[in-house]
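Okay, so here's the structure we're looking at.
Just follow the structure's listing: the first ligand is 1, and inside any ligand the first atom is 1.
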Amino acid sequence: MAQLSDDCFAFGGALTPLDVALDALAERTVPIAGQSVVALKDAVGRYLAEDVTVPFDVPPHANSAVDGYAIYFDDLSPDAATRLPVTGRAAAGHPLSRPASRGEAIRIFTGAPMPAGPDTVMMQEDCRVDGDTVEIQPGIKRGANRREAGEDLRRGEIALRAGHVLRPQEIGVAASLGHASLRVFDPLRVAVFSCGDELRNPGDDLDPGAIFDSNRFILSAALSRLGCAVTDLGILRDDRAAIEDVLRAAAADHDLLLTSGGMSVGEEDHIKAAVESLGSLNFWRLAIKPGRPVALGQIGGPNGPVPFAGLPGNPVAAMVTFLVVVRPLILRLGGASDLAPIIYRVRAGFDHRKKASRREFVRARVSTDGAAGLVAEKHGRSGAGVLSSLVGADGLVVLPEDMTELKNGTMVDFLPFSEVMP
Ligand code: AMP
Ligand code: MG
């Protein structure tokens with residue numbers, strides 16, 4: 001199993017553009033998840049751990065694309081109907097056991113191997129059958145309705161690359177190559193907790209001054225959607241010794257520790273001191289809104305250092321920083337090679353002012369406006385703590401660093417939640 005270097009999360013103090021930070025993360029991190037060989041039926045959603053090479057041509061034999069008659073093109077008259085005797089039969093799984101000769105028509109069905117000899121298949125709808133003969137009109141092209149061996153995949157080429165997520169179609173390709181199982185990365189084992197004396201678990205009483213913990217549930221759900229194996233460590237009280245014990249124990253059997261809140265330097269926030277005493281912690285100050293610094297560090301474990309990520313406590317900031325920073329980190333640690341989501345271009349349906357030099361993520365709802373295409377409207381109340389604004393939002397309008405004023409009607413980037421939290 002690969003390991004991260006001790007200083008991989010060390011990072012400068014200045015406000016950093018998101019792209020610079022993401023490039024640095026990609027450069028400094030490697031897949032650390034374990035690997036297993038799993039049956040195809042268990043492989044969906046997992047990341048492939050090795051290239052899959054094509055061992056033989058797919059399809060292995062030339063075959064018919066339709067139900068009809070296999071013939072030699074050169075037997076057909078170019079300007080009159082041709083009559084040929086039907087002298088054999090080939091069905092899927094039941095090839096003709098002999099080569100076919102000039103002057104023969106072989107009854108053939110979709111997927112049946114082409115008999116040796118004929119180069120063309122006449123569709124049955126275009127033929128007239130008369131007893132043991134078939135009448136074929138002119139006009140077909142040589143080689144019509146014939147699928148060549150290797151048309152899908154050629155022997156020796158790479159069909160699936162390590163790091164790709166296995167969707168139904170990738171699993172289908174593996175099956176078509178005869179693989180009953182695949183080597184994949186294990187789900188990344190992530191321990192999630194929250195920190196703050198004001199936090200209560202849903203279901204408990206809410207005493208004066210307390211609020212329910214929502215971040216832990218957002219993050220756990222998002223991690224599950226990303227294919228991680230999630231351990232819920234609950235709410236850690238603002239008690240440094242207790243926090244250290246829990247983190248030390250969690251580092252023994254997890255690939256990543258993730259928390260939100262409690263990362264500021266206020267005297268009630270003890271996570272920072274706890275992580276520093278167990279390893280190292282760096283504050284990545286990203287030029288994004290919403291988003292306070294994201295803390296990235298490592299905690300010493302029996303099998304080497306384990307990455308630690310601390311997100312802002314405000315729920316919207318926690319979610320945005322999770323999606324733009326922690327998600328790519330998790331994918332990378334978990335073996336994925338393709339980290340960038342697809343960004344769509346949509347028309348902004350609102351005016352907006354922003355500060356220069358930072359990237360802003362605006363919660364938005366998208367609708368289809370006939371000829372104008374997709375239009376994004378600002379959604380919900382603003383504020384980094386307004387969690388309800390994410391409900392009903394379809395994603396985030398992404399406003400670039402150099403923009404200060406957005407005018408209604410301008411084309412903007414849109415990151416759908418469905419891209420990053422399937
Ligand atoms: P902090 O980052 O700890 O200073 O918290 C910033 C804000 O986010 C405060 O209003 C906290 O009460 C709130 N907050 C922190 N953690 C959570 C959580 N797990 N769920 C909901 N709100 C939180
Ligand atoms: Mg706090």
Residues passing the ring pair (Phe, Tyr, Trp, His ring centres under 6.0 Å) test with Phe414, sequence neighbours excluded, are none
Run the contact test for Gly196 against ligand 1 with a 4.0 Å cut-off on heavy atoms, strictly below, and give the result. no
Can you list the ligand 1 atoms lying under 4.0 Å from a non-hydrogen atom of Ile211? 12 (O), 22 (N)
Can you check whether Arg237's main-chain N or O pairs, donor with acceptor, with Asp197's side chain at less than 3.5 Å? no
Nearest non-hydrogen contact to atom 7 (C) of ligand 1 from the set Leu199, Val316, Asn314 belongs to Asn314
Do Arg128 and Gln137 have a side chain donor and acceptor closer than 3.5 Å? no
Closer than 4.0 Å to some heavy atom of Asp213 - which atoms of ligand 1 meet that? 18 (C), 19 (N), 20 (N)
Using a strict 4.0 Å cut-off to heavy atoms of Ser194, name the atoms of ligand 1 that fall inside it. 19 (N)
Partner set under salt bridge (Lys or Arg N to Asp or Glu O under 4.0 Å) for Arg216, not counting sequence neighbours: Asp213, Asp232
Is any side-chain N of the basic residue among Arg46 and Asp186 closer than 4.0 Å to the acidic one's carboxylate O? yes
May I ask you to test the Met114-Arg146 pair for a side-chain heavy-atom distance under 4.5 Å? yes
Do Asp152 and Arg147 sit within salt-bridge range, that is, some charged N less than 4.0 Å from a carboxylate O? no
Could an N or O of ligand 1 be found under 3.5 Å from any N or O of Ser214, whether backbone or side chain? yes
Which of the atoms in ligand 1, numbered in the order shown and given with their element, are less than 4.0 Å from a heavy-atom of Glu198? 11 (C), 12 (O)
Based purely on interatomic distance, does Gly313 place a nitrogen or oxygen under 3.5 Å from a nitrogen or oxygen of ligand 1? yes
Using heavy atoms and a 4.0 Å limit, tell me yes or no: is Gly262 in contact with ligand 1? yes
